[in-house]
Number of protein chains: 2
Amino acid sequence: MDKDLVFKALADPTRRLMLDEFSECKEQTLYELTARLIMRHNVSISRQALAKHVDVLEKAGLISSEKRGKYRMLVFNNEPLRTVMDRWIK
Amino acid sequence: MDKDLVFKALADPTRRLMLDEFSECKEQTLYELTARLIMRHNVSISRQALAKHVDVLEKAGLISSEKRGKYRMLVFNNEPLRTVMDRWIK
DNA sequence: TTGACGCGCAACTCCATGGTTGCGTATTGT
DNA sequence: ACAATACGCAACCATGGAGTTGCGCGTCAA
C-alpha cells in the first residue's frame with residue numbers, strides 16, 4: 001500500500017464526497033455513484049471527471065472495480081484509511 | 001476546524017515528514033526543524049519553502065507558532081488528525 | 001440489426017501549488 | 001555600533017492535477 005497515493009486521493013473534496021457515499025453503500029456502479037453525487041450533494045461534474053477520480057481512488061486501494069456487463073461495479077475498502085494515520089496518532 | 005485545510009496539509013510528502021519530526025518532538029524552532037529535515041531525511045529544500053509548509057500546517061491547525069526573540073517556536077497539535085477520519089472509519 | 005446507453009481513451013485548457021530568488025527587518029552576541 | 005543570523009515578504013517560474021470536449025467501443029433491449 002502506497003501511503004502517498006492514499007493522501008493524494010484524500011486531498012480532493014470531490015473524492016472525499018465519493019468516500020462519504022461509499023461509507024453508506026459499499027457497492028455501487030459508477031452510474032449510481034454519479035447520480036447520487038449530482039442529486040444529493042449538488043455536485044456539477046461530468047462523467048469523465050468522476051471516472052478520473054475513480055481511477056485515483058482505485059490506485060490508492062480505497063476502492064476496487066469489476067466489470068459487470070454494461071456496468072462497472074465499484075467496491076469500497078476503508079482499510080488503507082485505518083492504517084495510514086498510525087505514525088502521528090499513538 | 002476546516003477539514004479541507006487538514007487534508008490539503010497532509011497531501012504533501014514534505015509536510016508529512018515534518019509531522020513525523022513533530023510527533024517525536026512536539027516543540028521545535030523553525031531553525032531546528034529545518035536542520036533535522038536536512039540531516040535526518042536528506043531533504044534538500046530551502047528555508048523559505050519550509051516556511052511555506054509551516055504556514056499551511058498552521059492554517060490547518062496542526063501546529064501553532066510563537067515568536068520568541070530571534071526564533072520562531074513551533075508547537076505540534078495532532079487533534080485535527082484524530083477527528084478528521086471519523087466519517088469513514090466507524 | 002439497430003439504436004440507446006454506460007463506459008474508456010486522448011488531447012486540451014486552466015489554475016493551484018511547490019520551489020526558488022532577491023531583498024528587507026528584527027534580534028542577538030561581541 | 002556592527003556584524004551575523006533567523007526570519008518575513010513579494011515576485012517569479014514550472015509542474016501537476018482537475019475539468020471539459022470529442023470520439024469510439026462494447027453491451028443490452030427492441
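Quick note: numbers below take in every heavy atom, side chains included, and nothing from hydrogens, waters or symmetry partners. Protein chains get the first letters and strands the later ones, always in sequence-line order, with residue 1 at the start of each.
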In this structure, would B:L33 and B:L17 fall into the same cluster of hydrophobic residues linked by side-chain contacts under 4.5 Å? yes
Enter the distance from A:L74:CG to A:M18:CE here, rounded to the nearest 0.5 Å. 7.5 Å
One should read off an interatomic distance between B:D12 CG and B:K8 NZ, to the nearest 0.5 angstrom, of 12.0 Å
By a strict heavy-atom criterion of less than 4.0 Å, which residues belonging to residues 4-14 of chain A are in contact with DNA chain D? A:K8, A:D12, A:T14
Please name all residues satisfying salt bridge (charged side-chain N to carboxylate O under 4.0 Å, His left out) with B:E27, sequence neighbours left out, ordered by chain then number. B:R68
5' to 3' contact window, DNA chain C with chain B (heavy-atom distance under 4.0 Å): C:dA16 to C:dT28
Could you identify which residues of residues 64-71 of chain B place a heavy atom less than 4.0 Å from some atom of DNA chain D, listed by residue number, or say none? B:K70, B:Y71
How long is the line joining CG of B:L74 and C1' of D:dG8, in whole Å? 14 Å
Mind calculating the distance between CG (A:L17) and C1' (D:dA18) to the nearest angstrom? 15 Å
Helix axis bend for the helix from C:dT1-D:dA30 to C:dT30-D:dA1 - C1'-based end axes, five pairs, 10° rounding: 30°
If you group Ile, Leu, Val, Met, Phe, Trp and Tyr by side-chain heavy-atom gaps below 4.5 Å, do A:L10 and B:L19 land in one group? yes
Expressed as a whole number of angstroms, how long is the span from B:E32:CD to D:dC7:C1'? 15 Å
Got a sec? Which of residues 40-49 of chain A come in under 4.0 Å of DNA chain C, heavy atoms? A:R47, A:Q48
Just wondering, are more than 12 heavy atoms of other shown residues or ligands nearer than 6.0 Å to NZ in B:K26? yes
Euclidean distance, atom CG of residue A:L37 to atom C1' of D:dA18 [Å, nearest integer]: 15 Å
Any residue meeting side-chain contact (heavy atoms from CB on, under 4.5 Å) with B:K70, in chain and number order, not counting sequence neighbours: none
Between B:T34 and B:K52, which residue's closest nucleotide on DNA chain D lies nearer the 5′ terminus? B:T34
Please determine whether a side-chain nitrogen of the Lys or Arg among B:K59 and B:D2 lies less than 4.0 Å from a carboxylate oxygen of the Asp or Glu. no
Sort and list the pairs that fulfil side-chain hydrogen bond (donor to acceptor under 3.5 Å, both in side chains) and have at least one residue in residues 30-39 of chain B, not counting sequence neighbours. B:Q28-B:R36
Return all side-chain donor-acceptor pairs below 3.5 angstrom for residues 41-57 of chain A, not counting sequence neighbours, or 'none' if the list is empty.
residue: A:H41; atom: NE2; partner: A:E21; partner atom: OE2; Å: 2.8
residue: A:S46; atom: OG; partner: A:A49; partner atom: N; Å: 3.2
residue: A:H53; atom: ND1; partner: A:R15; partner atom: NH1; Å: 3.0

Sequence neighbours excluded, which residues qualify as side-chain contact (heavy atoms from CB on, under 4.5 Å) partners of A:M39? A:A35
Nearest heavy-atom approach of A:A60 to A:A9 is CB-CB, 3.9 Å
The reported gap from CG in B:L62 to CG in B:N78 (rounded to nearest 0.5 angstrom) is 8.5 Å
Residues in salt bridge (charged side-chain N to carboxylate O under 4.0 Å, His left out) contact with A:D20, at least two apart in sequence or another chain: B:R87
In Å and rounded to the nearest 0.5 Å, what is the CD to OG1 distance from B:E66 to B:T29? 12.5 Å
Among all residues two or more places apart in sequence or in another chain, which pass the side chain to side chain donor-acceptor pair (under 3.5 Å) test with A:E58? A:S65, A:R72
Determine: side-chain N/O of A:H53 to OP1/OP2 of D:dG19, distance under 4.0 Å, yes or no. yes
Let me know the distance between CE of A:M18 and P of D:dA18, rounded to the nearest Å. 11 Å
